[in-house]
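See below for the structure under consideration.
Each ligand, and each atom within it, is numbered from 1 in the order the structure gives. Only heavy atoms go into these numbers, but all of them, side chains included; no hydrogens, no water, no symmetry mates.
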Amino acid sequence: MVSPFILVNLKTYKEGMGSNAHRIAAAAETVARESGAVIGIAPAFTELHPMSHHYAIPVFAQHIDAITPGAHTGHILPEAVRSAGARGTLINHSERRLTLADIGACVEAARRLHLESVVCTNNDATSAAAAALKPDYVAIEPPELIGSGVSVSKADPGIIERSVNAVRAVNPDVKVLTGAGIQSGECVRIAVDLGTCGVLLASSVVKAENPEAVLRDLVSLI
Ligand code: G3P
């Protein structure tokens, strides 16, 4: 199996802030080095700079706003994310939904700044629409399974398969990630066997007593 991309979203969990973010990033760096898997993290905006500079792992923003430098108080400037060291950004996460027009503008901004774009979607129709915007990745995450502890790989493999087919039909260059309830090497294996190139996950790692042990399990079947 080709090494999957494992992207850990720290969301706004207190278990993913400050020293906890450092603990998870250090574990990701160790497990990635030992396994050959690519393990990235998407920390809070305030942690983008320290995470990017202290750890040799890909760091992603959780969101960007499609704005250019100027007077936009309270917005997330894509250039700022880039200069903080981010490799890429999530766009349209289920907890930070955007209009289709805004998703398109964010993908464009990411492309202009050489940030990898991961557009999150909730079903195969939105996966197809997202693929038409030519992001680097589409991440299919059924909202009802997010944070549920029930893995999409096991509970709804059909949605993964349909999204992979929908994305391939529109643009075969767009890679697909699977998310929601991912928690083990078996979940990763099923996701990859169904044609995706990795997983987007959060709670199973961020809220774990031992995040490194969960990361080791996630890469155990690659
Ligand atoms: O961005 C990842 C996410 O929404 C899935 O969350 O906690 O189900 O792994 P979780």
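No close placement of the H93 and H63 rings is indicated, their centers lying 6.0 Å or farther apart.
When only non-hydrogen protein atoms are considered, atom 9 (O) of ligand 1 lies nearest to A202 N, 2.8 Å. Scanning all protein heavy atoms for the shortest distance to atom 6 (O) of ligand 1 gives K11 NZ, 3.4 Å. In this structure, the protein non-hydrogen atom closest to atom 5 (C) of ligand 1 is E141 OE2, 3.5 Å.
At least one N or O atom of S203 sits closer than 3.5 Å to an N or O atom of ligand 1. On a distance-only criterion, L201 and ligand 1 share no N/O pair closer than 3.5 Å.
Taking the charged nitrogens against the carboxylate oxygens, R112 and E108 have no contact shorter than 4.0 Å, which rules out a salt bridge. A salt bridge is absent between R111 and E116; no separation between the charged side-chain nitrogens and carboxylate oxygens falls under 4.0 Å. The pair K154-E186 meets the salt-bridge criterion, since a charged nitrogen lies less than 4.0 angstrom from a carboxylate oxygen.
Without hydrogens or angle criteria, S127 side chain to A166 main chain gives no donor-acceptor distance under 3.5 Å. Panel note: side chain R87, backbone P58; no donor-acceptor pair is recorded below 3.5 Å. D65 places a side-chain N or O within 3.5 Å of a backbone atom of I76 that can act as its donor or acceptor partner.
Proximity of A180 to ligand 1, defined as any heavy-atom pair under 4.0 Å, is confined to the backbone N, CA, C and O atoms. When non-hydrogen atoms are compared, ligand 1 lies under 4.0 Å from neither the backbone nor the side chain of Q183.
Judged by the shortest distance from any of its heavy atoms, G179 lies outside the 4.0 Å radius around the atoms of ligand 1. Taking 4.0 Å as the cut-off, G181 counts as a neighbour of ligand 1 on heavy-atom distance. For S204, the heavy-atom gap to ligand 1 stays at 4.0 angstrom or more.
The closest non-hydrogen atom to atom 1 (O) of ligand 1, taken over K207, Q62, H93, comes from H93.
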- Derivation and outcome, side chain to side chain contact (heavy atoms under 4.5 Å, CB included), residues L177 and I140: CA-CA 6 Å; L177 297 173; I140 172 68; over 6 Å; no
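The cluster map of Ile, Leu, Val, Met, Phe, Trp and Tyr, joined by side-chain heavy atoms under 4.5 Å apart, puts Y55 and L7 in different clusters.
With ligand atoms numbered from 1 in the order given, ligand 1 contributes 7 (O), 8 (O), 10 (P) to contacts under 4.0 Å with heavy atoms of G147. The ligand atoms of ligand 1 that sit less than 4.0 angstrom from a heavy atom of N9 are 1 (O). Less than 4.0 angstrom separates some heavy atom of L200 from each of these atoms of ligand 1: 1 (O), 2 (C).
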